[in-house]
Amino acid sequence: MGTFEFILGIIALTTLGTFLSNWQRAKHGYPITDDMGNVISRETGTQAQAHEARIEALEKRLAVLERIATDRGVQTADQIDALRQLDQLDRLDKARRARETNR
């Protein structure tokens, strides 16, 4: 066994030992800590739900941005014009109703 294999063996044993130690600590309810001694905790309850809701909202926004980026300019312009026409029709309809109620 050469020096290189010896060093790899030490690294493998250290990694395996750390993994097993953390697994045993988690299994028996002890807090897991990082290299600096800070306790690592799982998100639970409302905090996790808030993060999930925010991620979902961001995914929806990303889908809209992807659709805008991949749409042809003509299609987008046609959709905007259709919305403007709906606005104009709504205004004309409201004006007609106002005239009918004033009679």
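This structure is a prediction, so every number in the text was calculated from the model and none was measured.
- In summary, of the residues considered (Leu16, Asn22, Leu20), a side chain to side chain contact (heavy atoms under 4.5 Å, CB included) with Thr18 occurs for Asn22 alone.
- A donor-acceptor contact shorter than 3.5 Å is absent between the side chain of Gln24 and the backbone of Ser21.
- Clustering of Ile, Leu, Val, Met, Phe, Trp and Tyr by side-chain heavy atoms under 4.5 Å joins Phe4 with Leu8.
- Under the side chain to side chain donor-acceptor pair (under 3.5 Å) criterion, Arg96 pairs with Asp93, Glu100, not counting sequence neighbours.
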Distance-only check: which donor-acceptor pairs under 3.5 Å involve side-chain atoms of residues 55-68, not counting sequence neighbours?
none

